[in-house]
Structure formats: C-alpha cells, structure tokens
K.L.:
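Quick one: the structure is below, and I'll ask about it shortly.
Remember, it's a predicted structure, so these values are computed and weren't measured experimentally.
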Amino acid sequence: MNRINKKLQEDKKLLSIYFTAGYPKLNDTVEVIESLEKSGVDFIEIGLPFSDPLADGPTIQASSTAALENGMTTEVLFNQLKDIRKTVSIPLIIMGYFNPMMQYGVEAFCKKCEEIGIDGLIIPDLPVQDYNENYKAIFEKYGIINVFLITPQTSDERIRFIDSISNGFIYMVSSAGVTGAKDSFGNTQETYFDRIASMNLNAPQVIGFGISNAETFQQATSKAKGAIIGSAFVNYITDKGIDKIPDFITTIR
Amino acid sequence: MSYFVDENGYYGQFGGAYIPEMLYPNVEELRQNYLKIMQEDSFKKEFDELLKEYVGRPTPLYFAKRLSEKYNTKIYLKREDLCHTGAHKVNNTIGQILMAKKLGKNRIIAETGAGQHGVATATVCALMGIECVVYMGEIDIARQAPNVARMKMLGATVVPALSGSRTLKDATNEAIRDWINNPVDTHYIIGSVVGPHPYPDMVAKFQSVISEEIKWQLKEKEGKENPDYVVACVGGGSNAAGAFYHYLDEKEVGLIAVEAAGLGVDSGESAATSVLGNEGVIHGSKTLLMQTKDGQIIEPYSISAGLDYPGVGPLHAHLCESKRAEFISITDDEAMQAGLELCELEGIIPAIESSHALAVFKQKEFKKDDVVVLNLSGRGDKDLNTYIKYFKL
Ligand SMILES: Cc1ncc(COP(=O)(O)O)c(C=O)c1O
C-alpha cells in the first residue's frame with residue numbers, strides 16, 4: 001500500500017508541511033525533511049521550484065526564485081533525494097508546476113519518483129481532464145498518487161468527479177486565493193469546510209493555503225483529516241533558520 | 001488540416017487550459033459563454049458600432065507607392081496604427097469589455113508590457129465606467145513612463161509586478177494571481193492570443209476584423225480578395241492572428257510571421273520563440289516557449305517591448321509546426337532601419353513592433369506583381385524615446 005494511504009488510515013489529524021526544495025540553501029533539502037519527520041510531521045510536500053509559480057503568493061514566489069538562484073533543478077533535487085528512504089519513512093509528495101515535469105518527461109519523472117520513494121505528486125496547473133486522459137495510466141504504473149485541488153468555487157458535481165478519480169486525498173484550498181499565510185478563518189471558510197464535510201466523499205480531505213498557526217490548524221482539522229502549512233513555515237525558516245524547525249512544529253500542536 | 005481551434009481548445013497539439021483549479025470556474029464560465037455571446041445580435045451591433053464610431057474602423061488599406069517602388073513589388077499597409085489609442089490592441093479590448101459586461105463583471109484586470117494593451121484596456125474601462133487594474137512589470141514601468149501616465153489619466157490603477165524578472169511575463173503572472181484572488185466579480189482582459197482556452201480563440205476572433213476588412217478592401221483595389229502574402233509581427237500573436245484569420249484556409253495566400261531576434265538569434269538576447277523555443281506550458285497554454293532544459297522560463301529580449309514575450313500563442317505554434325506560416329526573425333538594428341525607412345518613404349512613423357514586420361523586405365525578395373499586405377500594427381509615438389536614443393535624434 002502507498003505510504004499516503006497508510007498514513008490516511010491512522011486515527012489522528014494529520015499535519016503536513018510544504019517547503020521549497022533548495023531553500024534557504026541548495027543543500028538544505030534533506031536536512032529539512034529529516035528534521036520535519038523528527039518533529040512529528042505526518043507527511044511532507046517538497047516544492048520543486050518554478051520560475052513562474054502562478055498559484056503562489058509572495059512568500060513561495062520568493063523562496064522559489066531563491067532556490068532557482070541557488071541552483072536547484074529537477075536533476076539536482078532527484079540527486080539530493082536519492083537516499084532519502086534510508087532515513088525518512090513518512091509519505092513524501094513533490095509539489096510543482098507542470099512545465100518542468102513535462103520537460104523531464106512525465107513518465108521518466110514518475111519512474112524516478114518510484115525509484116526514490118516519492119509517494120505522490122501535486123501539480124496545480126495540470127488539468128484534471130488532461131491527467132485523466134493522458135497521464136493516469138503512467139502514474140498508476142509507477143504507483144504515484146496524484147492529488148487534486150478543490151476550492152470554494154468548485155461545484156458539487158465537479159467535486160464528485162474529482163473524488164471519483166482520487167486515490168489519495170483531496171487538497172482543499174481553504175479560500176479563493178493564492179498561497180499565503182492567514183491568521184484566522186472566517187465564516188465563509190467554516191461554511192465551505194462544513195459543506196465539503198457533509199458531502200461524505202470517499203477521499204479524505206486535507207486543507208491547505210492560509211494555515212499558519214495552532215488556531216488555523218485546529219479550525220481546519222476540526223472538519224478535515226489534515227492540514228498543510230506552507231508559507232508560514234517558509235517564512236519561519238527564512239527568519240529563524242532550519243535549526244529551529246522543531247520549535248515551529250511544537251507551536252502548531 | 002484545420003488551423004482553427006478544436007472543441008477541446010487545441011490547435012493541433014497546442015493550446016488547452018493548463019490552469020490551477022482555482023481558475024477553473026472563471027475560465028469555464030467564459031468558455032461556455034463566449035461564442036454564444038459573440039453571436040448575439042445586441043453584442044455584434046454594439047461591437048461593430050464602437051469599432052466604427054470610437055476606434056475609427058475600417059482602417060485604410062493603403063497602397064505604399066514609394067515603398068513598393070523601392071522593393072519592386074506591390075505593398076499595401078493595413079493601417080492599424082490609425083486605430084484609437086494607436087494600435088490594433090483596442091479591437092480586442094472593445095470586444096472583451098462588452099463580453100465582461102454581458103458576463104456581469106464589474107472589475108477589469110489586465111497585464112501590459114509596453115503599455116499599449118494597458119492603455120487600450122484603461123480606455124475601454126473609462127468608456128464603460130468600470131474599475132480597471134493594470135499589472136505592469138516594475139522595469140517596464142520605468143521604461144514606459146508616458147504610457148503609465150496615460151493609463152493613470154484614464155483612471156486605471158497601475159500595479160507594479162515585483163516578482164521574477166519584473167517584466168511582461170511577471171505582469172501576466174500577477175494578473176492571473178489577481179484573478180485567482182477575485183474569482184467572482186472580475187474579468188481578465190488578456191492582451192494577446194495567449195493564455196488558456198478560450199482566450200486565444202476569443203482574442204483572434206475579435207482581431208479578425210483586420211483580415212475581414214483586408215478582403216473587401218483588396219477586392220476594391222486589386223479586383224481580388226486574396227493577396228499573395230500577408231506579413232505581420234508576432235509578440236504573443238494577436239495582430240498577426242487578426243491579419244491571418246480569414247486567410248488561414250486560403251492556401252495560395254502566404255503567411256509570414258515576423259519575430260524579434262533582438263541582438264541576434266544566437267546572441268542570448270533574443271525573443272525569436274519559433275527558433276529558440278520548444279513545446280511547454282506558459283500562462284495556461286501548451287505552446288512554443290523559450291525555456292531552459294529544466295523547464296524554467298527564459299526572459300526574452302527585444303528592443304521592442306511588445307515583442308518581448310517568451311512564448312507565442314498556440315495558433316502560431318501550430319502555424320509554425322505545420323509550416324502553414326513562414327517564420328522569420330529580425331534583429332533590433334534591422335527593425336530600426338526599416339522603421340526609419342517607412343518614415344522617409346511614406347511619412348509614417350511605425351511602432352517598433354511593426355518595424356520588425358517592415359524589415360521583411362530586406363530579408364525576403366518578392367516578385368514584381370506579388371501583392372503583399374503588411375499589417376502595420378501600431379504607430380510610433382510611444383516609441384519616440386527609443387527612436388531618439390537609437391538614432392541620436
Ligand atoms: C503596436 C504593436 N504591435 C504588435 C504588438 C505585439 O503583440 P501581438 O503579437 O499580440 O500583436 C504590440 C504589443 O504591445 C504592439 O503594441
């Protein structure tokens with residue numbers, strides 16, 4: 001069974017962290033992952049940086065630009081991760097935009113992920129339909145789970161369709177917007193969280209975008225299986241350095 | 001082979017809608033409605049009326065006698081430079097502002113590089129009394145001060161794009177992010193035949209008035225609708241799409257797309273996407289784009305801000321791959337000389353984008369009785385500073 005599915009069966013609320021590979025320094029990637037696992041994080045999204053990350057807010061734009069300037073590439077990332085399964089056992093997901101994967105070759109990319117022990121991919125700009133028609137078979141061949149996004153604007157009908165082709169979890173984007181830290185969620189979010197919870201979907205939901213602290217983590221996971229923190233974590237390591245990662249995680253739960 | 005968009009939003013292998021789920025409802029709403037709205041009588045009537053009374057269409061198809069003599073062929077200039085606001089861009093913004101109104105949107109966003117599309121968008125927003133926000137790279141804001149001032153006078157808010165290389169591609173990213181953040185009340189007026197389906201098709205259709213007019217105008221002047229060649233410059237490709245549109249299926253009409261070679265195709269400072277680019281995804285569309293082997297988008301260079309884009313629209317990628325159109329590249333120097341030549345021979349100061357198209361006559365020889373229609377996409381007022389610097393005027 002894929003590590004993601006196993007993790008989703010655990011009887012607890014899941015905390016996931018997103019960070020940009022190759023940031024703050026090119027060779028920090030592995031240390032960040034190891035430190036996150038030791039701090040009790042349930043799974044990790046490793047951001048493959050892209051020059052034009054159009055679903056991301058200023059924080060992740062800046063970390064992506066810095067990582068690229070540091071010399072991060074797809075090849076470098078795969079090299080950094082080649083022995084990651086010797087030290088890390090929690091699920092690992094690569095999150096990145098479609099163009100770098102397309103240039104590497106979607107099949108070659110998935111194959112490499114399988115070799116390394118990457119469990120899933122999140123590709124915000126790969127349309128659901130395109131995946132379903134052209135890439136699903138490849139992902140399945142290499143046992144890679146593709147994670148789809150839904151937003152407050154996604155219709156029930158489309159959510160049902162996305163649920164029907166999801167074999168891991170559904171990534172619930174918390175509000176209409178790009179990535180970025182928020183201090184709290186308002187009524188609109190609560191209503192949306194409730195709406196999705198009441199749909200009784202097959203795939204568990206994990207909420208991301210705007211989760212930044214214990215309060216937003218608590219709000220999100222009261223309605224969903226887990227929550228993902230991205231920008232707030234990137235901001236934190238920008239300010240405090242990667243040595244302080246455990247301190248950040250203890251403030252969340 | 002078809003050169004028109006298929007029902008899935010593709011031109012051959014190019015096109016589609018590679019957008020994050022957050023944009024799906026907006027783009028889907030547009031996709032489901034744009035053709036229907038464009039066919040409504042009330043829409044057509046208002047669009048045609050505004051093009052006539054406000055933009056000043058039809059624009060002349062002018063026989064350039066002295067230029068023709070010099071190059072020993074028959075050259076007609078399609079005078080898009082005489083459109084209100086100084087370029088073809090306004091054909092599209094008129095269409096899209098009417099579309100936005102039909103869709104019930106009350107806020108407009110746009111990206112701009114040189115500022116021409118920003119000005120054309122700010123203009124139609126002023127005309128309709130609709131809020132307008134234009135994203136423009138911080139570096140472009142500094143290089144194109146007069147157009148920034150024009151947008152402000154027209155009531156638009158100009159927001160600097162501070163991310164990435166702080167030019168057109170980043171302004172486009174910022175506009176897309178704004179749309180993600182404002183999914184309900186906002187319409188994004190994209191400035192060329194780029195972006196996710198249905199934008200390339202919608203913008204091409206709004207610009208197709210150019211070739212629609214060329215057909216009847218040429219019939220009046222030459223007794224035939226079809227020239228031997230149509231020539232246009234390509235940034236994203238909207239003026240070329242408009243000039244080519246009604247000739248795409250007319251095999252005997254040669255289509256020539258002119259890209260900016262910058263300092264030279266091999267100089268590392270170029271925007272010649274058809275030569276330097278390969279298939280990839282940019283701004284929601286699968287097309288030809290300039291990128292590293294890792295798939296990071298490369299910042300292009302051209303003296304002309306309007307051609308300074310790392311991709312081309314998917315229609316043009318298809319025209320290039322299928323060889324329906326011939327793609328040529330023109331350097332900064334060749335374009336500047338061709339621009340000056342038009343001033344001296346015909347008394348017309350062209351936009352530097354259009355000057356690239358004009359340089360075709362130095363690179364390609366036409367027959368004496370060939371009829372060549374060249375789309376003069378814009379006027380040179382906006383480029384005066386660049387001309388002054390270049391020619392030390
Ligand atoms: C006068 C003029 N011509 C051409 C272009 C290039 O755009 P497109 O290729 O979409 O026509 C621009 C863009 O700003 C322009 O201002």
Side-chain angles (χ1 to χ4, degrees), chain A residues 48-58 60-62 64-65 67-68 71-77 96-105 109 122-131 133-134 148-155 158-159 162 170-173 175-180 209, chain B residues 8-10 13 15-29 161-166 168-186 195-197 278-287 289-299 310-311:
Chain A
L48 175 62
F50 181 47
S51 55
D52 294 75
L54 42 78
D56 285 299
I60 295 176
Q61 287 169 39
S64 300
T65 305
L68 291 171
M72 182 49 74
T73 66
T74 310
E75 202 66 62
V76 168
L77 177 61
Y97 290 81
F98 188 49
N99 196 48
M101 298 181 192
M102 193 179 150
Q103 301 313 317
Y104 194 88
F109 197 96
I122 303 175
I123 314 167
D125 59 342
L126 175 61
V128 177
Q129 209 69 37
D130 204 25
Y131 165 78
E133 283 162 22
N134 301 316
F148 301 103
L149 275 57
I150 62 170
T151 82
Q153 269 71 43
T154 313
S155 68
R158 190 166 165 83
I159 292 173
I162 288 173
I170 289 178
Y171 193 135
M172 269 176 75
V173 175
S175 41
V178 295
T179 56
F209 288 34
Chain B
N8 297 317
Y10 282 83
Q13 78 218 66
Y18 293 81
I19 46 168
E21 188 61 29
M22 293 81 98
L23 279 181
Y24 180 82
N26 309 25
V27 171
E28 184 62 10
E29 179 187 31
L162 304 172
S163 59
S165 51
R166 293 170 291 147
L168 176 58
K169 89 176 165 66
D170 310 284
T172 308
N173 292 338
E174 289 303 334
I176 292 172
R177 289 179 188 122
D178 180 307
W179 212 20
I180 289 174
N181 290 332
N182 298 284
V184 181
D185 65 340
T186 298
H197 176 66
N278 58 329
E279 189 175 326
V281 170
I282 182 171
H283 298 141
S285 178
K286 188 186 278 181
T287 188
L289 66 113
M290 291 166 52
Q291 54 184 321
T292 65
K293 74 175 193 339
D294 287 307
Q296 308 296 342
I297 296 169
I298 290 176
E299 187 57 24

K.L.:
Can you give me the closest heavy-atom contact between B/K169 and A/D52, atom names plus distance?
P.N.:
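B/K169 and A/D52 have their closest heavy atoms at NZ-OD2, 3.0 Å.
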
K.L.:
Taking every non-hydrogen pair under 4.5 Å, which of B/Q291, B/K293, B/E299 racks up the most with chain A?
P.N.:
B/Q291

K.L.:
Can B/Y18 and A/D130 be counted as having a side-chain donor-acceptor contact under 3.5 angstrom?
P.N.:
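Per modelled atom types, B/Y18 and A/D130 side chains form a pair under 3.5 Å.
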
K.L.:
On a heavy-atom basis, which atom in B/D294 and which in A/T74 lie closest, and how many Å separate them?
P.N.:
OD1-N, 4.0 Å

K.L.:
Tell me, side chain or backbone of A/Y171 under 4.5 Å from chain B's heavy atoms, or both, or neither?
P.N.:
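Contact with chain B: none, neither part.
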
K.L.:
Going from CD1 on B/I282 to CG on A/D125, what distance comes out if it is rounded to the nearest 0.5 angstrom?
P.N.:
11.5 Å

K.L.:
Considering non-hydrogen atoms only, spot the tightest contact between B/R177 and A/P53 and give its length.
P.N.:
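Answer, listing the atom of B/R177 first, then A/P53: NH2-O, 2.8 Å.
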
K.L.:
At their closest point, which heavy atom of B/Q296 faces which heavy atom of A/P49, and how far apart are they?
P.N.:
NE2-O, 3.1 Å

K.L.:
With rounding to the nearest 0.5 Å, note down the distance linking CD in B/E279 to CG in A/N99.
P.N.:
9.5 Å

K.L.:
For each of B/N182, B/I176, B/N181, tally heavy-atom pairs with chain A at distances under 4.5 Å, and name the one with the top tally.
P.N.:
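Winner by heavy-atom pair count: B/N181.
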
K.L.:
Which residue is it: A/L54, A/V173, A/L149, A/V178? I am looking for the one with a side chain to side chain contact (heavy atoms under 4.5 Å, CB included) to B/P20.
P.N.:
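Output: one option passes, namely A/L54.
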
K.L.:
By a 4.5 Å heavy-atom criterion (distance strictly below it), what part of A/I150 contacts chain B: side chain, backbone, both, or neither?
P.N.:
backbone

K.L.:
Do A/Q61 and B/E174 have side chains that approach each other closer than 4.5 Å (heavy atoms only, starting at C-beta)?
P.N.:
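Touching, per the 4.5 Å side-chain cut-off.
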
K.L.:
Of the backbone (N, CA, C, O) and the side chain (C-beta and beyond), which part of A/Y104 lies under 4.5 Å from a heavy atom of chain B, both, or neither?
P.N.:
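When you check distances to chain B, no heavy atom of A/Y104 falls under 4.5 Å.
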
K.L.:
If you look at every heavy atom in A/Q103 and B/G295, which pair is closest and at what distance?
P.N.:
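Minimum heavy-atom contact is CG-CA, 3.4 Å.
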
K.L.:
Do A/Q153 and B/N26 touch side chain to side chain, with heavy atoms closer than 4.5 Å?
P.N.:
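Side-chain contact under 4.5 Å: no.
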
K.L.:
A side-chain contact here means heavy atoms from C-beta on lying under 4.5 Å apart; do B/E21 and A/I162 qualify?
P.N.:
yes

K.L.:
Okay, side chain of A/S51, backbone of B/I297: is any donor-acceptor separation there less than 3.5 Å?
P.N.:
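Yes: the side chain of A/S51 pairs with the backbone of B/I297.
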
K.L.:
Under 4.5 Å from any heavy atom of chain A, what part of B/N278 do you find: side chain, backbone, both or neither?
P.N.:
side chain

